[in-house]
Enquirer: 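Following this message is one structure expressed as C-alpha cells.
Computed from heavy atoms alone, side chains included, the values below leave out hydrogens, waters and symmetry copies. What you are looking at is a predicted structure, and each value in this text was computed from that prediction instead of being measured. Every chain is numbered from 1 and lettered A, B, ... according to where its sequence line falls, protein lines coming before strand lines.
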There are 2 protein chains.
Amino acid sequence: MKKAGVTLVDVAKLAGVSVMSASRTMSGEGYVSEETRAKVQAAAKQLGYAPNAAARLMKGGKTNVIGVVVNDLTSSVVNCFVTALSEEVRKVGMDLFIYNSLGDMGSGNGARISQMLHGLWDGLVYVLPRMTDDYLETLEKSSSPIVLINYFRHETTLPVVRGDNVNGAHDAVRHLVDLGHRRIGFVRGNAYTGQSDLRERGYMSALSDAGIELDPALVYQGDFSQQSGFDGARELLALDAPPTAIFAANDGMALGVLNAIREKNLRIPEDISVIGFDDIPTAAMTQPPLTTLRHPFGEMAQAAVQELTRRIQGQPGRRQRIEFPSEFIIRASTGPAPACSTSRRSRRQRA
Amino acid sequence: MKKAGVTLVDVAKLAGVSVMSASRTMSGEGYVSEETRAKVQAAAKQLGYAPNAAARLMKGGKTNVIGVVVNDLTSSVVNCFVTALSEEVRKVGMDLFIYNSLGDMGSGNGARISQMLHGLWDGLVYVLPRMTDDYLETLEKSSSPIVLINYFRHETTLPVVRGDNVNGAHDAVRHLVDLGHRRIGFVRGNAYTGQSDLRERGYMSALSDAGIELDPALVYQGDFSQQSGFDGARELLALDAPPTAIFAANDGMALGVLNAIREKNLRIPEDISVIGFDDIPTAAMTQPPLTTLRHPFGEMAQAAVQELTRRIQGQPGRRQRIEFPSEFIIRASTGPAPACSTSRRSRRQRA
DNA sequence: TTGAAAGCGCTAACAC
DNA sequence: GTGTTAGCGCTTTCAA
C-alpha cells in the first residue's frame, strides 16, 4: 500500500517527463510516444498512482456518473428499477451511484443531497420518491439535470417517467370480472406515493364499468407490507359474503393474501383468485405463481436515462411526462369464479 | 432554475464582500459578522448557489462519504448489509453511496472503481465480493481505506469482517441430528464466494460428529437460486431413500425446496424438515416459517464502519479479521424426524 | 472581523 | 510529440 497523495507531478518526475505527458498518458487523450507512455505507466504503477477525481472534475468536465436516490432499498420495486438503471447507465458508458435516503426525505436532507450532487454527478434520478414539498422545491431549483421515476403526488416542473397505474388496475379487475367474479376485494397500500390511490381508481372504474356496485366492506387498508396483506385477507375472508377474488395494491401484500388463504385451507384459484401489482421476482415463484401487473422497468429506466443524458448534454428535454402502460401478467393465481359464487347464489335465490 | 456555474465569486460580488467572507459564511467556519453573513446568504439564495463539491474536496478535505461496492443488488443478503451500512454510516455523520458492479469484478472494472473512489470517498466497503485476483491486488495497492465484508476466497492484507459459516452450518445440522434425522440432504450454492463450501464443511463435520456417514447422493449442486433449490429437492425426494431433512446453503434455495416438497404433497415439518441460511426477510413469512441462520448484519456493518473510520482517521486498524458467529433461528420448518425414518426402518430390519 | 495571495491536482490551449 | 502557461472554485495561510 503506497502513501496517499501521489500526484501526477510525482509520476512525471520519476518518469523524467513533463506533467503534461504524464497527464496525456493517463487520460489517453492526445499524442504520446510509445516510449514516453511506457515510462509514465511504469512510474505510475511503481508509485501506486491514482488520479484525483476531484481535481479532474474541477476542470468542469463531466463526471460520467449519474446518481439515483431512493427511499428504501429493501423494496423489490425500487430494486428492480435501480438494477435496470445500472444497466442502462452502463450502456451509455456512464456509472451509477445509489443513495439510500432511508426514508428521510425532509427538506434538510434534500439540501444535503443536492449539495453533494453538485459537481459530483452529471445528473440525478429519483426513484419512487416520497418527498416533502420543500424537498421538491429544492430539486426544482437545482441546476443539475434531474428526472423523477414514478412520482405522482404533485405537479412539478421536473421531468417524470411514470408507469400507468389506473389502466393496469382496471385491466386486472376487468379480467376478474370476465372470469365471473362479482365480489372482488381490494387491499390498499398506504398513500405516501400516490400509487395505491391510482390503482384503487382503476379497481373502482372496472367495477363500475361492469355494473358492480362498490362494497366498502371489501376494501381493506393495508400498508404495502406482506403482514398487512395477510391481515387484510383474513378480515375479508371472515365476512359473511367473502370475496371470490382479491386484488392487492402490490405483490408484497398479495403474498400475505396467499398465505392467509392457504391458512384457511382454501384453494387458489379454485376457491379464490388473487392478483398483485409490481411483478416482483418472488411473484413468479409462489405456489401458484401470482397473476400480477408490472411496470416495464427496463423501458422506463431507459427512458429516464435518455431524458437525463439529453439534458446533461444541454439539449432541451424531449418530454416532460413519459408514461408507460403496465403489463398484465396472467399466471395461475386467477381462475373462474367458483360455482358457489354470489352470482350463482343470487340465481338460486331467484329460482 | 438558475444557470449552472454560479460560483462563490458571483455570490461575493453580489453581496459586496470578499470571496473569503462568502466562503466563511457558506462553510460555517471562522468569524463572520451577522450583517455580512446575512448579505451573503441572501445573495447565495438569489443566485441559487450550490458549492462545488469537487473544488472543496480538492483541498484535501474529507468528503464524509463512504462507498460500498456490491456485485448484485437483487440479492437479499447484500441488501440487508447495504441497508445496515446506510444506517451505521449515518450514525457517524457520514453518507453512504452504493455502486452496483453488476457482477463485473474484472480487473478493468476494478481499476475504474478505484479511480473513481480516489478523492471522492473517504473509504470503501466491499460486500460479498466475488472478484478476480487482479481486482483484489488493485484494491490492496489502493491508498484509500478499504474493508471487505464476507470475503473468503483468498488471503488478503485488507481488513475483513466475516460471518462464521462453518459453525453455523454445524449447529443447524446438529439440530437436525438431535431431532432424530439421519438422512440429511444438502443443497450447495455455487462456489464463487466460498461461502457454500464453508457451509458444506459445517454440514459434513456435524454428520461425522454424529457418526453418520456422508452419502454423496444426498448432496445436490445448486446455484443459490430458488429454481435450483426446487430442482434439487425434487431430485433428492425422488431417491429410493429420500432425506427426512434438507439443509440448503441459502434461503433462496430453501424456498425452492419448500415449494418442491409442497408439490409432492408432503408436510413440513412432519414429513420433512428444511433449513436455510441467511434469514432473508421472506424467510419469516413462508408457510411454515423457515428455520435458518443469519449473519448479524447490524453488528457486522457496525464493525466494518468502525474499522473503516478508524483507518480514515489515520489510526491503525484494530484488527485484520473480525469474525461474528451466526445466529441460529429456529422456526417451524424443522421438527422431529418422521416415524418412518431410516433409523426406524433399520430398527425394523434388525427386528 | 475581513481581505489578498497562494495553491490544491489536473487539463485545455497554446507554443516549441 | 512535448513542454509551458494559465486557471478551474475553493480554502488555507497570513496580513491588515
Enquirer: Can you give me the closest heavy-atom contact between B/V17 and B/T36, atom names plus distance?
Expert: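 Scanning both residues completely, I find the closest heavy atoms to be CG1-CG2, 3.6 Å.
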Enquirer: Could you tell me whether the phosphate oxygens of C/dT11, OP1 or OP2, come under 4.0 Å of any side-chain nitrogen or oxygen in A/S23?
Expert: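 So the side-chain polar atoms of A/S23 do come within 4.0 Å of the phosphate oxygens OP1 or OP2 of C/dT11, strictly under.
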Enquirer: If I take atom CG in residue A/L8 and atom P in nucleotide C/dC8, what distance separates them, rounded to the nearest angstrom?
Expert: 13 Å
Enquirer: Taking CE from A/M20 and P from C/dC16, how many angstroms apart are they, rounded to a whole number?
Expert: 17 Å
Enquirer: Given atom CZ of B/R37 and atom P of C/dT1, what is their separation to the nearest angstrom?
Expert: 10 Å
Enquirer: Let me know the distance between CD of A/E35 and C1' of D/dT2, rounded to the nearest Å.
Expert: 12 Å
Enquirer: Can you tell me if the side-chain N/O atoms of A/S27 get under 4.0 Å from OP1 or OP2 in C/dC10?
Expert: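 For C/dC10, OP1/OP2 do not have a side-chain N/O of A/S27 under 4.0 Å.
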Enquirer: To the nearest Å, how far apart are A/Y31 OH and D/dG1 C1'?
Expert: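 These atoms are roughly 10 Å apart.
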Enquirer: Supply the atom-to-atom distance A/L73 CG to B/N79 CG, rounded to the nearest 0.5 angstrom.
Expert: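 The CG atom of A/L73 sits 4.5 Å away from the CG atom of B/N79.
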Enquirer: Please report the distance, rounded to the nearest Å, between CD in B/E29 and C1' in C/dT1.
Expert: 16 Å
Enquirer: Assuming nearest nucleotide by heavy-atom distance, tell me which of B/A55 and B/V19 is located more 5' along DNA chain C.
Expert: B/V19
Enquirer: Within the structure, does a side-chain N or O atom of B/Y49 lie under 4.0 Å from either OP1 or OP2 of D/dC10?
Expert: yes
Enquirer: Checking B/T74 against B/D72: is there a side-chain donor and acceptor pair closer than 3.5 Å?
Expert: yes
Enquirer: Verify whether the ring centers belonging to A/W121 and B/F97 lie closer than 6.0 Å.
Expert: yes
Enquirer: Strictly below 4.0 Å: does A/S21 bring a side-chain N or O up to OP1 or OP2 of D/dG3?
Expert: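 For D/dG3, OP1 or OP2 has a side-chain N or O of A/S21 closer than 4.0 Å.
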Enquirer: May I have the distance from B/N52 (atom CG) to C/dG9 (atom C1'), rounded to whole angstrom?
Expert: 14 Å
Enquirer: Per the atom types in the model, does the base of D/dG3 pair as donor or acceptor with the side chain of A/R24 at under 3.5 Å?
Expert: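 Answer is yes: a donor-acceptor pair is held.
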Enquirer: Just checking, is any N or O donor in the side chain of B/Y99 or B/Y126 under 3.5 Å from an acceptor N or O on the other one?
Expert: no
Enquirer: So, is A/S18 near the phosphate of D/dT4, with a side-chain N or O under 4.0 Å from OP1 or OP2?
Expert: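 Result: no.
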Enquirer: Please determine if a side-chain N or O atom of B/T36 lies less than 4.0 Å away from the OP1 or OP2 oxygen of C/dT2.
Expert: yes
